[in-house]
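Written out below as structure tokens is the structure these notes cover.
Each chain gets a letter, A, B and so on, in the order its sequence line appears, and its residues count up from 1. Heavy-atom basis, side chains included; hydrogens, waters and symmetry copies ignored.
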Protein chains: 2
Amino acid sequence: MTTCIKVKQPNIKYVDCDNCSMQPICVPLRAGKTEVSIMDSYLSRRNTVNNSTPLFREKESADAIYAVCAGSFKLTEISSENNEKVIGFRFPGELIGEDAIHTQHYNYNAVAVGTTSVCKIDLKELNECGKLLPELQLNLISLLSKQNSMLREEFTSVVAKHTAESLLAAFILNMLKRNAQYQESETKLHLPVGRDVIANHLGFRRETLSRIFSKFQQKGLLTIHAKDMEILDLEGLKNIAYD
Amino acid sequence: MTTCIKVKQPNIKYVDCDNCSMQPICVPLRAGKTEVSIMDSYLSRRNTVNNSTPLFREKESADAIYAVCAGSFKLTEISSENNEKVIGFRFPGELIGEDAIHTQHYNYNAVAVGTTSVCKIDLKELNECGKLLPELQLNLISLLSKQNSMLREEFTSVVAKHTAESLLAAFILNMLKRNAQYQESETKLHLPVGRDVIANHLGFRRETLSRIFSKFQQKGLLTIHAKDMEILDLEGLKNIAYD
DNA sequence: CGTAAAGCTTGATTTAAATCAACAAATAAA
DNA sequence: TTTATTTGTTGATTTAAATCAAGCTTTACG
């Protein structure tokens with residue numbers, strides 16, 4: 001089984017091809033090519049995106065969808081007053097830009113957080129191969145459905161939480177779940193971004209976030225040093241999240 | 001062009017097949033059948049769901065996806081304390097349950113608000129026909145991508161709004177956009193549900209919702225009588241939403 | 001290395017929303 | 001129709017988060 005190059009850096013998460021969401025598309029796509037061109041097209045599909053660099057920008061015409069191989073991305077929108085609004089994160093194994101299949105253009109900015117690596121699937125190529133390989137289509141359908149369910153879960157986890165505490169608890173649980181497969185430990189979580197970015201995403205202030213982290217530590221729910229978190233009481237967090 | 005039966009009731013919204021999201025799937029699926037069986041399978045696909053009745057329930061095994069033809073649905077989850085949490089709404093022309101293609105079971109409850117009508121697409125049938133009709137698959141892919149982008153928009157419109165005012169304004173704009181095609185007027189909006197359900201969905205109290213509606217009326221942004229809203233100042237609402 | 005800049009935490013005060021409470025309006029039931 | 005019940009509005013008080021402000025820590029840089 002072909003494996004994506006593993007980016008071995010401290011706190012850079014990665015997935016190999018076996019654990020990548022894109023695999024059910026990637027493999028039949030490659031199988032439809034000759035030995036030589038496989039490697040060619042396969043390798044050309046892999047890209048490094050440097051810290052703070054956009055993979056694509058809002059409104060850009062969309063010619064490809066991406067799967068994250070290593071590192072994290074933040075998805076942002078820029079408001080009319082030029083404020084950046086963080087609408088989500090994407091981690092290794094997850095798709096980015098899949099909603100552009102329909103809209104033909106990207107609907108948000110996808111910005112690398114740290115050094116990242118992505119697999120690129122050309123939409124034109126996908127479309128052509130799809131006509132010959134019904135299984136490829138089925139896999140893509142399943143993948144989109146999965147992404148859908150991921151989005152809905154994310155939505156549910158943050159919407160209609162009355163308190164900042166339950167919102168943060170739900171956010172942590174969502175991160176834990178999505179990062180489970182490539183965390184060293186089930187209880188450890190490395191935050192890909194700083195307090196400001198998380199606070200922005202969750203819709204409250206850096207100060208509030210800081211206070212809640214302190215409170216959670218006092219309660220013995222977790223410990224946090226800089227961006228490294230350790231969950232001490234998962235049930236306690238769940239109780240707060242699903243108040 | 002075949003047309004879904006129009007449910008003509010006051011304040012019941014509907015789409016005919018021409019404007020239905022499901023059409024790109026529905027039509028090729030029907031085209032793969034004989035004349036006689038077309039009507040048969042077509043009609044059998046349409047179902048009426050009565051007020052407060054679940055179309056499906058969380059965790060049920062999923063054998064079909066649905067498109068709303070007429071009326072509205074609320075999507076809910078039941079918390080451990082047996083509280084109903086409204087995680088979203090679905091209106092005519094929109095899909096329900098599409099995320100179950102991947103999970104094989106439904107991930108939330110879909111409950112009819114008033115008398116509703118849905119088109120049912122059997123997943124097994126879809127799967128079989130799909131192997132013969134690549135175009136069907138492509139259409140489904142596009143549809144799922146569209147639903148994805150709808151979910152993301154909904155997410156963005158409600159997440160990380162610091163004030164209840166901007167959250168409600170964003171919610172109204174989201175409703176307006178999604179209901180645009182079958183509203184008599186661009187400025188009129190009929191709320192499918194009561195204050196409690198909207199407040200539940202947005203994560204604040206009935207009283208707060210009521211106060212904000214009053215404030216919006218005082219500001220001359222809109223008028224509201226029971227569930228009938230008229231937008232007077234769209235730009236004003238946008239300013240509040242995208243603070 | 002020391003200094004600057006950025007990021008994080010904690011405290012005091014203000015502001016927005018929850019809560020408690022009363023009442024009005026609309027709907028359903030008798 | 002009258003009465004009961006649900007649903008919606010408004011007011012007074014309490015509570016949670018924003019804001020303003022200061023100090024601390026870490027990282028970046030000359």
Side-chain angles (χ1 to χ4, degrees), chain A residues 9-11 50-52 74 83-86 113-115 158-172 190-219 221-229 240-241 243, chain B residues 10-11 50-52 74 83-86 113-115 158-172 190-219 222-229 240-241 243:
Chain A
Q9 282 183 256
N11 285 322
N50 289 319
N51 189 22
S52 303
K74 62 174 182 182
N83 296 322
E84 183 182 72
K85 173 64 208 303
V86 179
V113 176
T115 306
V158 300
V159 95
K161 300 289 179 197
H162 0 285
T163 66
E165 275 186 46
S166 64
L167 184 43
L168 179 59
F171 174 77
I172 293 170
H190 180 80
L191 299 175
V193 293
R195 304 285 189 274
D196 274 326
V197 175
I198 295 172
N200 176 322
H201 177 54
L202 296 178
F204 42 74
R205 295 287 158 196
R206 193 196 323 147
E207 296 95 319
T208 304
L209 186 66
S210 199
R211 277 184 246 273
I212 300 172
F213 272 137
S214 299
K215 200 169 179 181
F216 282 2
Q217 286 194 103
Q218 278 165 31
K219 284 185 176 180
L221 296 169
L222 51 82
T223 59
I224 184 163
H225 301 101
K227 291 174 179 170
D228 289 299
M229 196 185 298
I240 293 172
D243 55 7
Chain B
N11 285 324
N50 290 319
N51 189 23
S52 303
K74 62 173 183 182
N83 297 322
E84 182 181 72
K85 173 64 208 304
V86 178
V113 176
T115 306
V158 300
V159 94
K161 301 289 181 196
H162 357 286
T163 65
E165 275 187 46
S166 64
L167 185 42
L168 179 59
F171 175 76
I172 293 170
H190 179 80
L191 300 175
V193 292
R195 303 286 188 275
D196 273 326
V197 175
I198 295 173
N200 176 322
H201 176 54
L202 296 178
F204 43 74
R205 294 288 158 194
R206 192 195 325 149
E207 297 94 318
T208 304
L209 185 65
S210 199
R211 278 184 245 273
I212 300 172
F213 271 137
S214 299
K215 199 170 179 181
F216 281 2
Q217 286 193 104
Q218 279 164 29
K219 283 185 177 179
L222 52 81
T223 59
I224 184 163
H225 301 100
K227 290 174 178 171
D228 289 298
M229 196 186 297
I240 293 173
D243 56 5

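Residues that satisfy the salt bridge (Lys or Arg N to Asp or Glu O under 4.0 Å) test with B:Arg211, not counting sequence neighbours, are absent from this structure. Listed by chain and number, the residues in a salt bridge (Lys or Arg N to Asp or Glu O under 4.0 Å) with B:Arg195 amount to none (sequence neighbours excluded). When the salt bridge (Lys or Arg N to Asp or Glu O under 4.0 Å) test is applied to A:Lys215, the partners found at least two apart in sequence or on another chain are A:Glu165. Take A:Glu207 and apply the salt bridge (Lys or Arg N to Asp or Glu O under 4.0 Å) test, not counting sequence neighbours, and it matches no residue.
As rounded to whole Å, 14 Å separates atom C1' of D:dA16 from atom CG of A:Leu167. The CZ atom of A:Arg195 sits 12 Å away from the C1' atom of D:dT26 (whole-angstrom rounding). Protein atom CG of B:Asp196 is 14 Å distant from nucleotide atom C1' of D:dT5, rounded to whole Å. What separates CZ of B:Phe213 from P of D:dG8 is a distance of 10 Å, to the nearest Å. For the pair A:Asp228 CG and D:dT26 C1', the interatomic distance rounds to 14 Å; values are reported in whole Å. For the pair B:Ile212 CD1 and D:dT10 C1', the computed distance is 14 Å after rounding to whole Å. Rounded to a whole Å, the CG atom of A:Leu168 is 14 Å from the P atom of C:dC8. Atom-to-atom, CZ of A:Phe216 to C1' of C:dC8 comes out at 17 Å; the value is rounded to the nearest Å.
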Q.
I need a per-nucleotide contact map over nucleotides 18-25 of chain D, read 5' to 3'. Cutoff is protein heavy atoms under 4.0 Å; write B for the base, S for backbone only, - otherwise.
A. SBB-----
Q: Applying side chain to side chain contact (heavy atoms under 4.5 Å, CB included), run through B:Phe216 and B:Ile224 and close with a yes or a no.
A: CA-CA 9 Å; B:Phe216 281 2; B:Ile224 184 163; over 6 Å; no
Q: Please test B:Leu222 against B:Ile172 for side chain to side chain contact (heavy atoms under 4.5 Å, CB included), starting from the C-alpha separation and ending with a verdict.
A: CA-CA 11 Å; B:Leu222 52 81; B:Ile172 293 170; 3.9 Å; yes
Q | side chain to side chain contact (heavy atoms under 4.5 Å, CB included) assessment of B:Val197 paired with B:Val113 | A | CA-CA 11 Å; B:Val197 175; B:Val113 176; over 6 Å; no
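Across C:dT9, D:dA17, D:dT9, the shortest atom-to-atom separation from the side chain of A:Ala164 is found for D:dA17.
In this structure, A:Leu221 and A:Ile240 have side chains that are in contact, with non-hydrogen atoms separated by less than 4.5 Å. A 4.5 Å side-chain heavy-atom check between A:His201 and A:Val193 finds every atom pair outside the cut-off.
Rounded to 10 degrees, the angle separating the terminal axes of the helix from C:dC1-D:dG30 to C:dA30-D:dT1 is 40°, with each axis obtained from five end pairs.
Contact check, A:Ser210 against C:dT10: no side-chain N or O comes under 4.0 Å of OP1 or OP2.
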